[in-house]
Amino acid sequence: MTSDQQRKAFPFSDFEPRWQDAWEAAKAFRTPNPGDADFDASKPKFFVLDMFPYPSGAGLHVGHPEGYTATDIIGRFKKMTGHNVLHPMGWDAFGLPAEQYAIKTGQHPRATTEKNIAGFRGQLKRLGFAYDWDREVNTTDPGYFKWTQWIFLKLYNSYVNDEGKARPVSELEAQGLSRDEIDARRLAYVSEAPVNWCPELGTVLANEEVIDGKSEVGGHPVERRPMRQWMLRITAFAQRLIDELDGLDWPEGIRLLQRNWIGRSEGAEVKFKVLSAQCSDLSVTVFTTRPDTLFGATYMVLAPEHSLVDQIVTEEQLSAVETYRERTARKSDLERTELAKEKSGVFTGAFAINPVNDARIPIWIADYVLLGYGTGAIMAVPGHDERDFEFAKKFELPIKQVVQPPEGKDWQGYTDNGITTNSGFLDGLSTLDAKHHITTWLEEKHLGKGTVNFKLRDWLFSRQRYWGEPFPIVWEDGKHRAIPESELPLQPPTLEDFKPTGTPEPPLSKATDWVRYSATATRELNTMPQWAGSCWYYLRYCDAKNSDRFVGEAAEQYWMGGGKPGGVDLYVGGTEHAVLHLLYARFWHKVLFDLGYVSTPEPFQRLVNQGLIMGEDGQKMSKSRGNVVNPDDVVDEYGADSLRLYEMFMGPLEQVKPWSMKGVEGVYRFLARVWRLVMETNQEGEWSFSASLQDAPADKKLNKVLHETIKKCGEDIEKLSFNTAIAQMMVLTNAFTQSAVRPVGALVTFLKVLSPFAPHLAEELFAIIREKFPQHVPGGFAADCTWPSYDPAALIEDEVEIVVQVNGKLRDRLTVARDASKDAIEKLALAAPKAQEFIAGQPVKKVIVVPGKLVNIVV
RNA sequence: GCCGAUGUGGCGAAACCGGUAGACGCAACAGACUUAAAAUCUGUUUUUGGGAAACCAGAGUGCGGGUUCGAGUCCCGCCAUCGGCACCA
């Protein structure tokens, strides 16, 4: 034994790597698939999924093992309770950071990515996770992204029918639609709209990747500019993405976040005639959620970019309008939000006619109206809308009351429901009734209609970067078309210089040979965003090696369809993906479901968010604060089991909690105590089998704690309440420590309960005990044994302690027989000396008896 | 501003359906072992007052009310911290 190991409280650094090697050599965690010889179809399935990591150069962070340990414990537990468990791991390895890191270090992203993956894999293996490594996926592997491209082609070749279902575009061909008409309905389509262009990153970004006008990656400024881009028609699924959240076992907060992001609002479109010197037959349609306030519209606002502005602007206002439009166009989104407090705008000189009362109202342009939402035009009701109110005050526009608020409230700027007033035929109606009434009226007169709008925009799906999946698309005569599936995977060209060009021209344009598809056709030069690979990786895990299909049918049906209601049974990850990955993946999954490729409409049945781990100082861990904890250091000093156990013991999984090295030492000492239940050390520091471990039955007290522990740990694992399960195991360990004779049978049972949490220690002690007491230790690995069942009889005490309260205050305690009657308990309680003292001769008004718990005497 | 989550010892936290608040761990203190220290084992540890002590009495789960025999838990009104959204008509 080395001196290094003598310093350790138990020899984890010897046995942890030894068992990791043994498990790997034996493929101890291989999960058979339907069709495999050793597959047992009679067992229920359990698919437990981690959000796969982005393999950065910085290596594993202590936040990673938090969720991974939780899923590992529950996966191991489910296996021990007779389930087929799918618990895989992989790498989300395309994306901006890898490319930037490669540029910075002068290496190819393929090389840095492979190095980073090897680093991550090594770190995860050191933690003893029960992954089936045969199912490892890597989004940058051609065998993987072949199918990402294949799914893209499914999107490209689909449209959404009248029932809101994705169907192949061949149906539209059959209906005789033209090429252009079909292109306009594809789920993957080309658009020229203004997009979020980030000059620093040299790429466009999705709305979800822009935060406060800056890029989510790196925090660089983002500007709007019109560019030709690939879009995915996620908006066609907006309603289903809201509705189908209802059946999911997700944290309410995340569902709400998605609902708000999709942002459904019900209202009406109203058509206003425009008075214009130049044209006679002009009109503007506005969207409003408050059609009931139509009589209160005192002006109208168009988005500055609105196409109608040019046609209606008067000569006197032309230069003011032009100046304002230029100023707005130059503003980045960031500036537009920063200036949100101060309203700005310009009168166009034109007027519109309010269809309900023929009132002539001025038309303004202002950047508080967004082109991309609704119709890009609003009717302003300053009396009952906060923004319109502010604007009207600033520009001295008329403010009119049309809603009567409840007693005692000022009507100016009152935005809630009330009674409609000053509104002709709507007077006296409640807001809700007035909305219905006016909508029907507008529809009858063909002046408008009820509509639903969503905040969600179509998903901007192309990036001007090198390190991503190339689109399986070629261009010819200005038209796009898919390449044949037989040409997949379409590999990116090998480029020495893959830096962004500094212009919207993607780096792939530099690969001139690759770009030329045929004499007349050239390849699409954009690449897909990082989210593409993570939209379907959980499906690939079901059948990771399949080269004929993105996932085999039998495998998909078993792992995703089996059980009720199907899908991934438990998905654990951080909140940061609430509106990105989790929304995108649901969208792709629904398309695949409609097309008949997967069995369920939703991919992730149960979602749990792990809480952030903060630094010891209570601040977010960051290099600049110097409070980052490296999991490798923790494993070196205390072992993998200690790291696993500590992260689970810190507090509830979902909670934000600070790191504490002292806390790690605490669980380390606990594991050492467990070790010393079996092993003892002599003066030289050599370990030998403990004499107190004997083949004897457990006494009643110890047996009770043992069975309580089996019961509580099983229940707590199901609830993901790992901290309390560990506390209970500590109680049991203390009981073993205090008992002079340690019954080997009971101890082995305890080790089974401990094994999902601290698999290395459990495995090592199994092996040690097996040498001396082979009859008490099952064969195979600890992970293969059956979860012990508890004996309800062992939990029952003959006598129970009853608390005696007088007027709700604790005054005495009694010990009574377990099955003592209510009457008997009441008599004993009234006779208790301390109770007597506090009753002090007063008449007893009432006595409440809770059997097994307490008696409350009311005087 | 809106939405969500969380407030319990010196610290991380427990407490099932309303029924003994503080399990378990950390830190601290004391004792045992040791020439000594570390490690280990055994205690004590919410707080205030009284007592040499076992113990006794009062207060106590962010604040203020309420329901109840009984509230950390349920209801009403506040406050604070964290996270998200933020001109979406």
Side-chain angles (χ1 to χ4, degrees), chain A residues 7 9 211-212 251-257 259-261 263-265 267 286-290 293 301 336-337 339-341 343 366-370 372-381 385-388 390-391 415 453-457 575-576 578-579 609 611-612 614 618 620 646 649-652 654-667 669-670 672-673 676 680-681 685 712 715 719 721 723-731 733-734 737-738 801-813 834 845-850 852-859:
Chain A
R7 271 203 349 262
I211 293 161
D212 293 336
E252 188 47 43
I254 300 291
R255 291 198 293 184
L256 210 73
L257 232 49
R259 265 190 219 107
N260 291 344
W261 186 264
R264 180 184 201 273
S265 46
V286 302
F287 173 72
T288 177
T289 54
R290 294 294 300 271
T293 62
V301 186
R336 252 171 114 147
T337 24
L339 298 170
K341 278 155 202 108
K343 291 275 177 295
D367 65 2
Y368 83 93
V369 173
L370 310 171
Y373 184 76
T375 60
I378 62 154
M379 62 175 207
V381 184
D385 181 278
E386 221 176 299
R387 298 146 300 183
D388 298 345
E390 257 177 65
F391 192 85
T415 56
N453 259 308
F454 295 95
K455 277 202 272 188
L456 186 70
R457 300 298 135 80
T575 349
E576 66 274 17
V579 288
N609 289 123
L612 211 61
M614 313 297 267
K620 224 178 201 164
Y646 172 65
F649 187 59
M650 291 173 85
E654 284 103 324
Q655 199 164 296
V656 178
K657 39 210 179 273
W659 187 267
S660 157
M661 251 346 162
K662 287 287 182 191
V664 182
E665 270 179 53
V667 292
R669 279 203 284 263
F670 160 65
R673 280 161 75 94
R676 286 197 309 271
E680 58 193 15
T681 182
K712 182 158 178 58
E715 288 166 356
K719 287 191 293 186
S721 179
N723 53 334
T724 51
I726 294 165
Q728 181 61 36
M729 288 191 282
M730 288 172 168
V731 171
T733 302
N734 293 344
T737 303
Q738 280 158 18
E801 192 187 64
I802 297 273
V803 167
V804 181
Q805 296 179 335
V806 178
N807 288 338
K809 286 207 165 80
L810 178 89
R811 295 303 179 189
D812 210 344
R813 294 159 200 273
K834 297 290 300 186
K845 289 189 199 137
K846 198 171 172 185
V847 180
I848 289 123
V849 181
V850 183
K853 289 261 181 202
L854 57 70
V855 179
N856 191 10
I857 301 165
V858 187
V859 294

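Proteins get letters first, then strands, A, B, ... in listed order; numbering begins at 1 in each.
- Applying the 4.0 Å criterion to OP1 and OP2 of B/rC24, one finds that A/T724 has every side-chain N and O outside that range.
- One atom, CD of A/Q805, and another, C1' of B/rG18, lie 12 Å apart when rounded to the nearest Å.
- Heavy-atom distances to RNA chain B give each of A/A377 and A/K712 a nearest nucleotide, and the one nearer the 5′ end belongs to A/K712.
- Between the CD atom of A/E390 and the P atom of B/rA89 there is a distance of 16 Å, given to the nearest Å.
- Counting non-hydrogen atoms under 4.0 angstrom, A/T575 reaches nothing in the nucleic acid.
- Across all strands shown, B/rG25 forms a Watson-Crick or G-U wobble pair with B/rC11, both key distances being under 3.5 Å.
- Atom P of nucleotide B/rA13 and atom CH2 of A/W659 are separated by 14 Å, given to the nearest angstrom.
- Within 4.0 Å of A/N723, counting heavy atoms only, lie sugar-phosphate atoms of the nucleic acid but no base atom.
- The side chain of A/V803 lies closest to B/rU20, out of B/rG19, B/rU20, B/rA89.
- Atom pair A/R813:CZ and B/rG19:P shows a separation of 17 Å (rounding to whole Å applied).
- Here B/rC87 is the nucleotide among B/rC87, B/rU20, B/rG25 with the atom lying nearest to any side-chain atom of A/D367.
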Restricting both atoms to N or O, compile the protein contacts to nucleotides 2-12 of chain B shorter than 3.5 Å, with distance only.
unit_1 : atom_1 : unit_2 : atom_2 : d
B/rG12 : O2'    : A/M650 : O      : 2.7

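- By the 4.0 Å N-to-carboxylate-O rule, A/E715 lies too far from A/K712 to be salt-bridged with it.
- Residue-level contact check: A/P652 touches the backbone only, with heavy atoms under 4.0 Å from sugar-phosphate atoms and none from bases.
- Candidate nucleotides B/rG19, B/rA89, B/rC56 were compared by shortest atom distance to the side chain of A/K834, and B/rC56 ranks first.
- Listed candidates were B/rA13, B/rC24, B/rA27. Nearest to the side chain of A/K662 is B/rA27.
- At B/rA89, one or more side-chain N or O atoms of A/Y373 fall inside 4.0 Å of OP1 or OP2 (strictly under the cut-off).
- Glycosidic conformation of B/rC78 is anti; the angle lies outside 90° of 0.
- By the 30° and 60° cut-offs, the orientation of the rings of A/Y373 relative to A/F287 is perpendicular.
- Summarising the base pairing, B/rA52 is matched to no nucleotide, lacking a Watson-Crick or G-U wobble pair whose two defining distances lie under 3.5 Å.
- The phosphate of B/rG70 has neither OP1 nor OP2 within less than 4.0 Å of any side-chain N or O from A/K845.
- Figure legend. B/rG70 is base-paired to no nucleotide; pairs are counted as Watson-Crick or G-U wobble with both atom distances under 3.5 Å.
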Could you list the protein-to-nucleotides 39-42 of chain B atom pairs, N/O on both sides, closer than 3.5 Å?
unit_1 : atom_1 : unit_2 : atom_2 : d
B/rU40 : O3'    : A/R676 : NH2    : 2.8
B/rC41 : OP1    : A/R673 : NH1    : 2.7
B/rC41 : OP1    : A/R676 : NH2    : 3.2
B/rU42 : OP1    : A/Q738 : NE2    : 3.2

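- Rounded to an integer number of Å, the gap from CG of A/D385 to C1' of B/rC87 is 9 Å.
- Base orientation of B/rG31: anti (glycosidic angle beyond 90° from 0).
- Across the strands present, B/rU20 finds no partner; the criterion is a Watson-Crick or G-U wobble pair with both atom distances under 3.5 angstrom.
- Using a 4.0 Å heavy-atom criterion, one finds that A/L257 contacts the sugar-phosphate atoms exclusively.
- If you measure from atom CG of A/N609 to atom P of B/rG83, you get 15 Å, rounded to the nearest angstrom.
- Within the 4.5 Å cutoff, no side-chain heavy atoms of A/D385 are placed close to those of A/R290.
- With C1' as the reference atom, B/rG7 and B/rA14 are 16 Å apart, rounded to whole Å.
- Nearest-nucleotide positions on RNA chain B for A/G263 and A/S660 put A/S660 closer to the 5' end.
- A/V850 comes within contact range of at least one nucleobase, with a heavy-atom separation under 4.0 Å.
- Comparing the P positions of B/rA71 and B/rG18 gives an interatomic distance of 14 Å, to the nearest angstrom.
- Residue A/R264 is out of contact with every strand shown, counting any heavy-atom pair closer than 4.0 Å.
- Here A/T288 lies in heavy-atom contact (under 4.0 Å) with sugar-phosphate atoms only.
- Nucleotide B/rC33 has no partner under the Watson-Crick or G-U criteria, as no pair reaches both atom distances under 3.5 Å.
- In this structure B/rC82 sits in a base pair with B/rG4, meeting the Watson-Crick or G-U test at under 3.5 Å.
- When every heavy atom of A/I254 is checked against every heavy atom of A/A578, the shortest pair comes out as CD1-CB, 3.9 Å.
- Figure legend. B/rA59 is base-paired to B/rU46; pairs are counted as Watson-Crick or G-U wobble with both atom distances under 3.5 Å.
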